Structure formats: structure tokens, C-alpha cells
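Structure, as C-alpha cells:
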Amino acid sequence: MSQEPQAKHEGSSVRTYVIIALILAAITYVEFALIEYDFAFLDRTTTLVSLVVLSVIKFVLVVMFFMHLRDDDNILTGFFSSGMVIAVGTLVALSLLFTVRSLSYAQTPQEEQAELAQAIGDGEHVFEENCIGCHQANGRGVMGAVPPHVGHTPYLAQATGGGGGRDYMINVILHGLEGQIVARGEQYDGIMPPFEELSDDEISEVLNYSVNAWGNQSILPADFEFFTPEEVAEVRGKEEAASSFDVYGLRSALSVPEGPEPLERARDLATYFNTPPPKTLDVRQINIDPGSYIGYTRESEPEMEDNDSSGEGPAEVEGEISDSVGSPETDAVQGIRDEDQDPLYEGETGTGEVVDGAALNNAPELPAETVAPNITLQSVQADMNVNLESPFAADGSLRQNQQQDQQEQPQGGQQPQGDQGGAQAAQSSFDWQQVGEQAYSNCTSCHQANGQGVPGAFPPLAGHLPDVYNTDGGREYILNVLLYGLQGEIQIGGQSYNGVMNAWSQLSNEEIAAVINHELTSWNNEGNLQNFQPIQPDEVESLRGQGLSASDVYDIRQGLNLP
Amino acid sequence: MTSSSHSAPQSAYGESEHGEFRSTKISDRKLLMWIFLASDCMFFGALIGTYIVYNGRSLTGPYPTDVFDIPLTTVSTFVLLMSSFLMVLALHALRENNIPKFRLWTLGVCVFGSIFLGFQVFEFKHFVHEGLTLQQNLFGTTFFTLTGTHGVHVTLGVLWLLSILVASYIRPTSSKDALSLEIAGLYWHFVDIVWIVIFTVVYLIEFL
């Protein structure tokens, strides 16, 4: 048998509910306002307490009225309260257990990091105002003169011996540094002025910036203690050094932990001077023997001024170039080739396109026998003489036997002319070699004396011109190029060239014909020609007057079936 | 041992209007719901405690101040509070045997609850878009576990109330079924007060 349950009353009135709901909404808005709007009279603790109190009020209102606990049996209150007490107790216990650390430490890791980030940001500012001129925005310094920060300062800061790396670094900023040092395996011999006028804060900030920037952060040990202004002040007060030489002495006592390898300077011309590039094989595998240059001898090599720049102060050095003349790089530009240096290395002389040296190494080799044994320079020369004779005889009269001379051309160029060619060569008064070579001096600025061209800009003639010549229509195309120029990006052996060649129609027919023959028979080109028939001046004449543009010639080229 | 008065009007459960009870003189089901809510208190207490303990200890971002949108969360809090208000109206209407009103307010609770869930989904998607996932950092883990669990509770509550609403069309519902609605209401109000705590501890405190 049951007793009637004690139901006090079934719920409150609607009006009560509405009032409670309005109070809840109002409290929510107040909480929102406490956070979103700044109230001068409320500090952090007061706001926190207010928020907690307001939340408790909301909590109690909902439990008491909406959940009706106020009017229900107390046993329900008892159950619920025990749950609440245990929950809150757990919460408090957890907080005390795990956050007591925050009572003894000044900051949470998040705050610490924020402060450090702020300091490093300020340090970047100091760096930009004082250090960038020498150490560069990328922290790489200047080859041979200004040591890098990247990959170096974190190790320097951990150096032991003497006064320690940290002291040394502070002294460097305070008093400067002078003398030859080694950083990241490379030598630097510059002068760093003192920066005594920087404040302790600024010095500590810029040092912290240096050990964090440009990826240095990743090589800092996890427990690295960052520089503090107090540390700087202490070093300043110790006066361990009075001049940059003294600081150099401090450095000598240091033992710097092993750092990363020397700076990668693939695009660094300065390194290019000092580091012989790997032996790469040009795709065309030209073995250029200076003797094969027509008219080229070592003695005729123009004198280069040896312009070593020596030990200029860091303030005068802008960028990464310390030498510019007398180097292999400029030698390549001048077309003078050292057998051990490949001027095509890394495409430095070009438009910046990098030639993949490794790929070049794997390029298929041309057959060793690139020179057909029966074609000699003399034989071709003999042919040339036959065809390039001036239309005027020595006595000024017009030659009548031009046609006959043409018919006597050898087919395929494989038949040795031998003595006949030599005799004819001796008889000719027209020295196409000289004419061609002299005319070619117009071309060396772009195509180079060795016919290698400039990667990315000017195509090579060595090794390539025969391919063009051998193609159907290539012969005529070559003439058009000389007469009207060429413009547009072309591809040769996987390398693209995007320069502009101006027309050379101002040259005479003989000059144009001679220069093309010169090109076709230089640099071992003659071995790759098929069905070689030297260019005739009247061929050149016949192609004049077409009114083509450089782009038109480009279109002609695109129409060719070039390999 | 049950004690039911057969002469008194019975609810769908065959109970008297005051429900089955033993010596507690309180409906068993209602008592059980309160006990469950007490346990749920401890459940959420543990989750909130974990959030508090790991607060500010994330080694990497995004951090709470990077992603929280207080005005938006205030609106969703308001929505949930009003849904509790509608809940008591629904119960009141059912006790008065005003079935259309009961259905209206119950539907209202479901709608408001769904709106709240919509806000949560939107917020979660925004956070994930900012790079805050469960695995990103401690904040992501503790926050999503806590509010995700709460969101699941809300979802279950909405489904529960929807089923009550649908049941009211299937079988005759009258004021004698008020106890069932009351128990569902208790659950719903509890979900609301948990959110009150979360809103303060997780969202507002961050911006002190």
C-alpha cells in the first residue's frame, strides 16, 4: 500500500517561467558585456568572480525552477547535490594537482613563447637597422668577408672554452671583430665595427633573433637559454675586450661545436670562382682543341686585366660578388675556354636557367669518330675557294666560268679533293677563311668564339649548325637567319634559347657566305655535315629582298623538321 | 513491490499520475533520472576539469583566443536557454492537458535545440578550417572532446523529444503522461546547465 506522494505543486505558473527566462537572458547578456567591453573599474579578478557568480545564479535558477528541484522531494536534491559535489571536488583537485606549477613559474609555455616571439620580432628590427648591410637579410653574409649567421650562431652560442660562446658573441657586438676567422668551414676576413651604442635590450634581442631566424631555430637545443639584457650588461661591465683585436683573441680560445656544412652557394658567383665545377659533359661532347679554332692561338688570346679585389671592408661590399674580372666566369663570357672549366656550369652566364650537370653527365655520347676521315679542312677549303672566288678576276674582268666551277663541286663532300683541292686552294685569291673569321667577329659577342653560345639566350653553333644544315630547308633557313634575324624561343637538345638575333643584311654576300662556311667548318662541325655544299654568295643574293621579319624566320624554323 | 492504484488514471506506462515508486514516494523513473544526472555531472566534471588542467599548455596553435567567437557563442547560449524555457512551457501545457500547445512547445524545444547544434557544427567547421583539430594540440583535444560530448547529449535530447512529439500523434497523449515529459525535460535542462558551465569556463574565462 502506498502513501500519497508529496507533490507540493505541479510546476510554477507560466508567469514565473517567463520571469526566470528573462533573468537568464539578461544574465547572459551581462556576461557577454563583461568580456566584450572594457570596464575601467573592473580588473581581471573582479571580472572572473563576477562571471563565476553569474553562472552560478543561472545554474541555480534552472535547477531550482525549471527542473523543479525546489519543490520536489529533498531526496532528489540530495542525489543531485552529491553528484555535483563530487564533480566540483574532482575539478578543484585536478586544477590544484596540475596547475600548481603555474603558481611557481611566472608564465605558461604559451605566454613564454609569446614573450620570446615579441623579443625576436624586436630583434629582427635591430638586425634590419644595423646588421643587414653586411650580414644580409638572409643571414648568409658575404663570401670571404662577412661570416653568415644562418647555421652558425646557434653553434657559436654553445661554444665552450675561454669565456664561452655567448660572452664572445656579446663582445663581438660591443667591440667588433677583426681578423681571419672560419665559420661553417669557410674563411672570412673582414672587419666588423663595434656597436656599443646599442642598448642591452637591443643586443639581447638581436642575438635571440639571430639564433632563431633563417631556420636556426631548428638547430637550437631545446633547453637553450635565450640571451637576456642582464647578461649583456654583465658582459659589458666585465670589459673583457677593448678592441676588435681583443675580441679576435677571445674567439681563438673558443671551441665551436660541429656545425653544418659550408653554405650552399650554387648560385653564388663568389663560390663559383673558388670552387671548380664538377666535370660535366656537354651534350654535344665537343672536344674543343684551341688548335681547331680557325685563326685562334693561345698567343692571340687577348690580355685580361687581373683585377683582384683585396680585403675591402665589409661596408664596401654589396651583395655576394667579390671578384668579377679575371675569373673563369668572365673568361667564359669572353669565349676563352679553360679545358678544366665548363662555362655552361649552372647556367650562371645565361638567363638563370640551371643546366642540370648530372643530366649532362648522363647524356648519350656522340660516336668517337666524329670527324669523317676524308674531309679535311683543306679539302673543304679547296671547295670554298672554288665557290667563293670573287666574280671578278684578278684583272677586274667578270669571271665566265662560275657555272662550271659549281658543277665541279663534290657530292656529299665525302670524296677527297686531295691535291686538286689543294692546288685550287693555292690558286684562289679569295681567302674565305680570313673573310669568314673576320666576319665571325660580329658573332662572337653572342655565339662566342668557341661557338658555344650562351645557354638560355644564344644558341650554339658548334655541333648544332650541322644538324640544321642537314635538315631539309635548313640551308636556306640559315641564310634567312643571317639576312633577317631570328626571334622566338627555340629548343636545342632540351635546352631552350630565347634571345633575339638581329639581321646582318648589311654584310656583303661574300661575307655572309664566308661566315656560314666558317661556322660549318669550325669546331669539328665539318664532320657532321651531310651532303655538304658550301654556301655561295649568289645564294645569299637570291634570298635578299624577301622582307621577312625575325618572327617570320622563327616561323620558318618551326616548319623545319629539326632533330 | 509495486503499488499501483488501478482506479486512478494511468499513463501510457500503466502508472498512476505520480508514477511507480517504492518507499521513496517518488516516481522510480524520476529518481533514476536524477541519479543519472548526478552521474552525468561527474562525467562532465571530469571533462571540464581536463580542459581546465590543459588550458594554456598547448605547444602549438591555434589557441583559444585565435578561434573563439564570443558573440556567436553568446547567441547559441541564449538559444539553448530559451529552449529550456520552452521546455517548461511544454510541460506546463501538457499538465493543463493542452495538447496542441504541448506539441507546439515541444517542437519549439526541438527546433531551438537543432539551432544550437547548427551553431556548434558551424563553429566546429570554422575551427577545423583554422587548423584546430582533435589532434592538433591540447586545446583541440580537450575542447572538442568536451563540447563534442555535450553536443551528443543535445542531439540525443532532441531525438528524445522528437519521439515524444511523434508518439503524441500515434497514441492518445494527455496530462497523465506528464511524468514522461518531465523526465525528458529534466534531461534537457541538465544539458542546458552543463552548457552554462562550459560557456563560462571555456569561452568567457579565456578572454579575461
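So you know, we letter chains A, B, ... as the sequences are listed, proteins then strands, and number each from 1. Just so it is clear, the model here is predicted, and its values are computed rather than measured.
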For the candidates Thr77(B), Ile196(B), Leu91(B), Leu89(B), which exhibits the highest count of non-hydrogen atom pairs separated by less than 4.5 Å from chain A?
-> Ile196(B)

Chain B contact via Ile75(A) - side chain, backbone, both or neither, heavy atoms under 4.5 Å = side chain

side-chain contact (heavy atoms from CB on, under 4.5 Å) between Glu96(B) and Val14(A), worked out | CA-CA 11 Å; Glu96(B) 311 251 296; Val14(A) 172; over 6 Å; no

May I ask you to check whether over 12 heavy atoms, not counting those of Glu128(A), lie within 6.0 Å of atom CD?
-> yes

Measure the shortest side-chain to side-chain distance between Asp73(A) and Lys30(B) over non-hydrogen atoms and say whether it is less than 4.5 angstrom.
-> no

Checking side-chain contact (heavy atoms from CB on, under 4.5 Å) for the pair Met67(A)/Leu37(B): CA distance, chi angles, key distance, verdict?
-> CA-CA 11 Å; Met67(A) 295 171 90; Leu37(B) 292 181; 3.6 Å; yes

Say you draw a straight line from CG of Leu31(B) to CG of Asp72(A); how long is it, rounded to the nearest 0.5 Å?
-> 11.0 Å

Distance (rounded to the nearest 0.5 Å) between Phe59(A) CZ and Asp192(B) CG = 10.5 Å

Side-chain touch Glu31(A)/Phe199(B), heavy atoms, less than 4.5 angstrom = yes

About how many Å separate CG of Leu204(B) and CD of Glu36(A), when rounded to the nearest 0.5 Å?
-> 9.0 Å

Check Gly45(B) against Ala87(A) and note the closest heavy-atom contact, atom names and distance.
-> CA-CB, 4.2 Å

Side chain, backbone, both or neither: which part of Val56(A) has a heavy atom under 4.5 Å from chain B?
-> neither

Side chain, backbone, both or neither: which part of Ser39(B) has a heavy atom under 4.5 Å from chain A?
-> neither

Exceeds 12 heavy-atom contacts within 6.0 angstrom, atom CG of Asp38(A) = no

Are any of the side-chain heavy atoms of Met82(B) and Thr28(A) separated by less than 4.5 Å?
-> no

When you look at Leu81(B) and Lys58(A), which way does the side-chain contact (heavy atoms from CB on, under 4.5 Å) test go after all the steps?
-> CA-CA 10 Å; Leu81(B) 281 173; Lys58(A) 281 204 290 188; 4.1 Å; yes

Over 12 non-hydrogen atoms of neighbours within 6.0 angstrom of NE2 in His125(A) | no

Indicate yes or no: at least one non-hydrogen side-chain atom of Phe80(A) is less than 4.5 angstrom from one of Phe190(B).
-> yes

Part of Val197(B) lying under 4.5 Å from any heavy atom of chain A = side chain

Output, in order, the C-alpha distance, side-chain angles, deciding distance and verdict of side-chain contact (heavy atoms from CB on, under 4.5 Å) for Phe66(A) and Phe85(B).
-> CA-CA 8 Å; Phe66(A) 283 3; Phe85(B) 171 58; 4.2 Å; yes

Please check if atom CZ in Phe78(B) has more than 12 non-hydrogen atoms from other residues, nucleotides or ligands closer than 6.0 Å.
-> no

Which atoms of Tyr54(B) come close to chain A, meaning under 4.5 Å heavy atom to heavy atom: side chain ones, backbone ones, both, or neither?
-> neither

Just how far is it from atom CD1 of Ile205(B) to atom CG of Leu51(A), taken to the nearest 0.5 Å?
-> 6.0 Å

How long is the span from the NE2 atom in His189(B) to the CG atom in Leu69(A), to the nearest 0.5 Å?
-> 11.5 Å

Which pair of non-hydrogen atoms, one from Ile52(B) and one from Ser95(A), has the smallest distance, and what is that distance?
-> CG2-OG, 3.6 Å

Among Ser27(B), Gly185(B), Pro71(B), who wins on heavy-atom pairs under 4.5 Å with chain A?
-> Pro71(B)

Examine Phe79(A) together with Trp34(B) and report whether their ring centres are nearer than 6.0 Å.
-> no

Answer yes or no: are there more than 12 heavy-atom neighbours, outside Phe122(B) itself, under 6.0 Å from its atom CZ?
-> no

Closest contact, heavy atoms only, Thr50(B) versus Leu94(A) | N-CD1, 4.2 Å

Region of Ser82(A) in contact with chain B, defined by heavy-atom distances below 4.5 Å = neither

